[in-house]
S.K.: 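One structure is given below, represented as structure tokens, and several questions about it will come after.
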Amino acid sequence: MDHLPFFPDRGSSIAGQIDGLYFAWLGLSGAVALAVAVLIVWFAVKYRVGSAADRSVVDDAGHHRLMRRIEIAWTVIPLVLFIGMFVWSADVYYEAVTVPKNALPIYVVAKQWMWHAEHPNGEREIDELHVPVGRPVELVMTSQDVIHSLSIPGFRVKQDVLPGRYTTLWFTATHPGEYHLFCTQYCGASHARMVGRVVVMEPAAFESWLSAHAGAQTMAARGADRYRQFGCSGCHGANATVRAPKLEGLFGKPVQLQDGRSVIADERFIRDSVLLPNKDVPAGYEPNMPSFRGQLGEEDLLEIIEYVKSIGNVTQEGVP
């Protein structure tokens, strides 16, 4: 069932699992709370001051065996139930945070008080997000100012959006239509106005919507412009005279650092390399890269990251 009374319609592949887990926890916690409350009231009434209840201590083997069994039962049964719920919750959580490899990336920058989304083909949206039905979508998100939190109740997903780092959220929309998008972290005077909508379209309609904006520069092309504008190719290019790490095929690969650690060259690593170049210095290189903090906005950084993703193993001279 995709509709529950007083709940938003389920619009994603994981929404049913989230609802099932929620109601299971609600039912189990409610049952335990009700049982405890009933026992408290029953004992309070039965053994109230002045009642005729038998308070004598029974000291025989049969009574002790019975009490031991009761103690074991009220310890083991809740333990098994809650361990089972924990395993179920962990399984749903693992699925919710494991982004499929074929997910469509969309980059989101939160600002006071708006959502700025950018598709790899260069299409930009404000307080709207167009996605195809039936295909996993990965949102790579950061904040330009304060902590925000992106929530799509119909998809049963929510993720904090933090300044200075990237967080991800993914979903697979299952039904075409429009869904509310909210910021659920108080972020300033106009927090209540930081709302938007997610437009889920059939794949063919989504491709037509994207192709209608095919004249715009792609994110990778804009990133290449930034790359040249700030002189990055002078050090990282194929014909550079300065000895610096090459970026072809870098994204997603392990990088050995001077301090002996190994990290994956993901969005965070590239962002930190631009803004905090002395934080993670690759082994075999000098920490002589300047910081571009204050010179690049979050959108610029995401476009440079998309450019680094795009060059793969090709030579930079072959990239338009």
S.K.: I'd like to check L302 versus R271 (side-chain heavy atoms, cut-off strictly below 4.5 Å). Are they in contact?
M.R.: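 Not in contact.
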S.K.: Once rounded to the nearest 0.5 Å, what's the spacing between atom OG of S12 and atom CD1 of I18?
M.R.: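 Here the rounded value is 8.0 Å.
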S.K.: Would you compute the distance between atom CE of M114 and atom CE of M194 and round it to the nearest 0.5 angstrom?
M.R.: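 It is 8.0 Å, given to the nearest 0.5 Å.
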S.K.: Is there a side-chain contact between P203 and V133 (heavy atoms, below 4.5 Å)?
M.R.: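 In short, these two side chains touch, coming nearer than 4.5 Å.
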S.K.: Is there a donor-acceptor contact under 3.5 Å from the side chain of T98 to the main chain of E95?
M.R.: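 Checking the backbone N and O of E95 against the side chain of T98, no donor-acceptor pair under 3.5 Å is found.
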S.K.: Which heavy atom of P287 sits nearest a heavy atom of Q258, and at what distance?
M.R.: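 Nearest heavy atoms, P287 then Q258: CD-NE2, 4.3 Å.
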S.K.: Answer yes or no: is there a side-chain heavy-atom contact under 4.5 Å between V157 and S151?
M.R.: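 No, too far: nothing below the 4.5 Å cut-off.
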S.K.: Taking all heavy atoms of S291 and all of L275, pick out the closest pair and write down the distance.
M.R.: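 Here S291 and L275 meet closest at OG-O, 2.7 Å.
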S.K.: With the threshold set at 4.0 Å, does a side-chain nitrogen-carboxylate oxygen contact exist between R226 and E299?
M.R.: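 Looking at E299 together with R226, the answer is no, because their closest N to O distance does not fall below 4.0 Å.
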S.K.: Within the 4.5 Å heavy-atom criterion, are I305 and K309 side-chain neighbours or not?
M.R.: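 Answer yes - side chains close enough.
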S.K.: Tell me, please, which residues at least two apart from Y93 pass ring pair (Phe, Tyr, Trp, His ring centres under 6.0 Å).
M.R.: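 Result, ring pair (Phe, Tyr, Trp, His ring centres under 6.0 Å) vs Y93: none returned.
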S.K.: Provide the closest heavy-atom pair for G134 versus T172 in the form atom of the first, atom of the second, distance.
M.R.: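 Taking G134 first and T172 second, the nearest heavy atoms are C-CG2, 3.7 Å.
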S.K.: Let me check something: do W170 and V161 share a hydrophobic cluster, defined by ILVMFWY side-chain heavy atoms less than 4.5 Å apart, either directly or through other members?
M.R.: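 In one cluster with W170: V161, no.
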S.K.: Kindly give the heavy-atom pair with the smallest separation between R197 and L181, and that separation in Å.
M.R.: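 What the structure gives for the nearest pair is N-CB, 4.0 Å.
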S.K.: Look up atom CE in M219 and atom OG in S310, then write down how far apart they are to the nearest 0.5 Å.
M.R.: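 One gets 10.5 Å once the value is rounded to the nearest 0.5 Å.
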S.K.: Check step by step if side chain to side chain donor-acceptor pair (under 3.5 Å) holds for D160 and S149.
M.R.: CA-CA 4 Å; D160 287 348; S149 189; 3.0 Å; yes
S.K.: Y227 vs H236 aromatic rings, parallel, tilted or perpendicular, using cut-offs 30° and 60°?
M.R.: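 The arrangement is tilted - the two ring planes meet at 30° to 60°.
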S.K.: Within a radius of less than 6.0 Å around CZ of R193, do more than 12 heavy atoms belonging to other residues, nucleotides or ligands occur?
M.R.: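 Open: at most 12 neighbouring heavy atoms sit under 6.0 Å from CZ of R193.
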S.K.: Would a hydrophobic clustering, with Ile, Leu, Val, Met, Phe, Trp and Tyr connected at side-chain separations under 4.5 Å, put F182 with V198?
M.R.: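 In one cluster with F182: V198, no.
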S.K.: Would you mind telling me which of F269, F230, F292 makes a side chain to side chain contact (heavy atoms under 4.5 Å, CB included) with V274?
M.R.: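 Filter result, single survivor: F292.
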S.K.: After noting the C-alpha distance and the side-chain angles of L257 and V263, does the key distance pass the side-chain contact (heavy atoms from CB on, under 4.5 Å) rule?
M.R.: CA-CA 8 Å; L257 304 180; V263 299; 3.9 Å; yes
S.K.: Between F82 and W25, is the ring centre distance below 6.0 Å?
M.R.: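 Yes, the ring centres sit under 6.0 Å apart.
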S.K.: Do M201 and E207 come close enough that some side-chain heavy atom pair is under 4.5 Å?
M.R.: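 No - every pair of side-chain heavy atoms lies 4.5 Å or more apart.
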S.K.: Sub-3.5 Å donor-acceptor pair from the side chain of R222 to the main-chain atoms of G122, do we have one?
M.R.: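 Yes.
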S.K.: So, the side chain of E248 versus the backbone of I311: is there a donor-acceptor pair under 3.5 Å, distance only?
M.R.: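 Checked: no pair found.
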S.K.: Could you check M141 against L150 for side-chain contact (heavy atoms from CB on, under 4.5 Å), going step by step and ending with a plain yes or no?
M.R.: CA-CA 9 Å; M141 306 179 294; L150 186 144; 3.9 Å; yes
S.K.: As an exercise, state the distance from CG of L169 to CD1 of I106, rounded to the nearest 0.5 Å.
M.R.: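 One gets 11.0 Å once the value is rounded to the nearest 0.5 Å.
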S.K.: Please check: side-chain N/O of S262 versus main-chain N/O of Q256, any donor-acceptor pairing under 3.5 Å?
M.R.: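 Such a contact is absent between S262 side chain and Q256 backbone.
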S.K.: Return the minimal non-hydrogen interatomic distance between R293 and L276, and the atom names on each side.
M.R.: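 Nearest heavy atoms, R293 then L276: NH2-CD2, 3.0 Å.
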S.K.: I'd like to know if the side chain of W115 and the backbone of V108 have a donor-acceptor N/O pair within less than 3.5 Å.
M.R.: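 Between the backbone of V108 and the side chain of W115 there is no qualifying donor-acceptor contact (under 3.5 Å).
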S.K.: What are the two closest heavy atoms between N121 and E123, and how far apart are they?
M.R.: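 Scanning both residues completely, I find the closest heavy atoms to be OD1-N, 3.1 Å.
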S.K.: Between V255 and L250, is the side-chain contact (heavy atoms from CB on, under 4.5 Å) condition met? List the steps.
M.R.: CA-CA 8 Å; V255 178; L250 172 69; 3.8 Å; yes
S.K.: Does any donor atom in the side chain of H148 or Q112 lie under 3.5 Å from an acceptor atom in the other side chain?
M.R.: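 The criterion, which ignores hydrogens and geometry beyond distance, is not satisfied for Q112 and H148.
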S.K.: If only atom types and distance count, is the side chain of D91 paired as donor or acceptor with the main-chain N or O of W88 below 3.5 Å?
M.R.: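 Side chain of D91 to backbone of W88, a donor-acceptor pair under 3.5 Å: no, none is there.
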S.K.: Quick one: CD1 on I14 to CZ on F171, what's the gap to the nearest 0.5 Å?
M.R.: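 Going from CD1 on I14 over to CZ on F171, the span is 12.5 Å.
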S.K.: Are L26 and V87 linked, directly or through intermediate hydrophobic residues, by side-chain heavy-atom contacts shorter than 4.5 Å (ILVMFWY only)?
M.R.: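 No, V87 does not connect to L26 through the hydrophobic network.
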S.K.: Do I77 and L28 belong together in a cluster built from hydrophobic side chains that touch within less than 4.5 Å?
M.R.: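 I77 and L28: one cluster.
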S.K.: May I have all residue pairs that pass salt bridge (Lys or Arg N to Asp or Glu O under 4.0 Å) and include part of residues 64-74, sequence neighbours excluded?
M.R.: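 Applying salt bridge (Lys or Arg N to Asp or Glu O under 4.0 Å) to every pair that reaches into residues 64-74, excluding sequence neighbours, yields nothing.
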S.K.: Would you call Q217 and D225 a side-chain contact if the rule is heavy atoms closer than 4.5 Å?
M.R.: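 Q217 reaches D225 side chain to side chain.
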S.K.: Using a 4.5 Å cut-off on heavy atoms from C-beta on, say whether the side chain of D280 contacts that of R268.
M.R.: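 Of all side-chain heavy-atom pairs linking D280 with R268, at least one is under 4.5 Å.
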S.K.: Would you give the length of the straight line joining atom CD of E118 to atom OG1 of T218, rounded to the nearest 0.5 angstrom?
M.R.: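 OG1 of T218 is found 9.5 Å from CD of E118.
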S.K.: When you compare the side chain of F251 with that of E267, does any pair of heavy atoms fall below 4.5 Å?
M.R.: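 In contact.
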S.K.: Taking only residues two or more places apart in sequence or in another chain, which ones pass ring pair (Phe, Tyr, Trp, His ring centres under 6.0 Å) with H64?
M.R.: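 None.
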S.K.: Counting only N and O atoms by type, is there a donor-acceptor contact under 3.5 Å from the side chain of E202 to the main-chain atoms of F206?
M.R.: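 Not at all, since once roles are kept as given, no pair shorter than 3.5 Å links the two residues.
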S.K.: Given V109 and T142, is the side-chain contact (heavy atoms from CB on, under 4.5 Å) satisfied, shown in steps?
M.R.: CA-CA 5 Å; V109 177; T142 189; 4.2 Å; yes
S.K.: Taking E125 for its side chain and H130 for its backbone only, find out whether a donor-acceptor pair lies under 3.5 Å.
M.R.: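 Judged by distance alone, yes, a pair lies under 3.5 Å.
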S.K.: Mind checking whether L139 and Y179 sit in one hydrophobic cluster, side chains of I, L, V, M, F, W, Y counted as touching below 4.5 Å?
M.R.: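 Linked, L139 and Y179 end up in one cluster.
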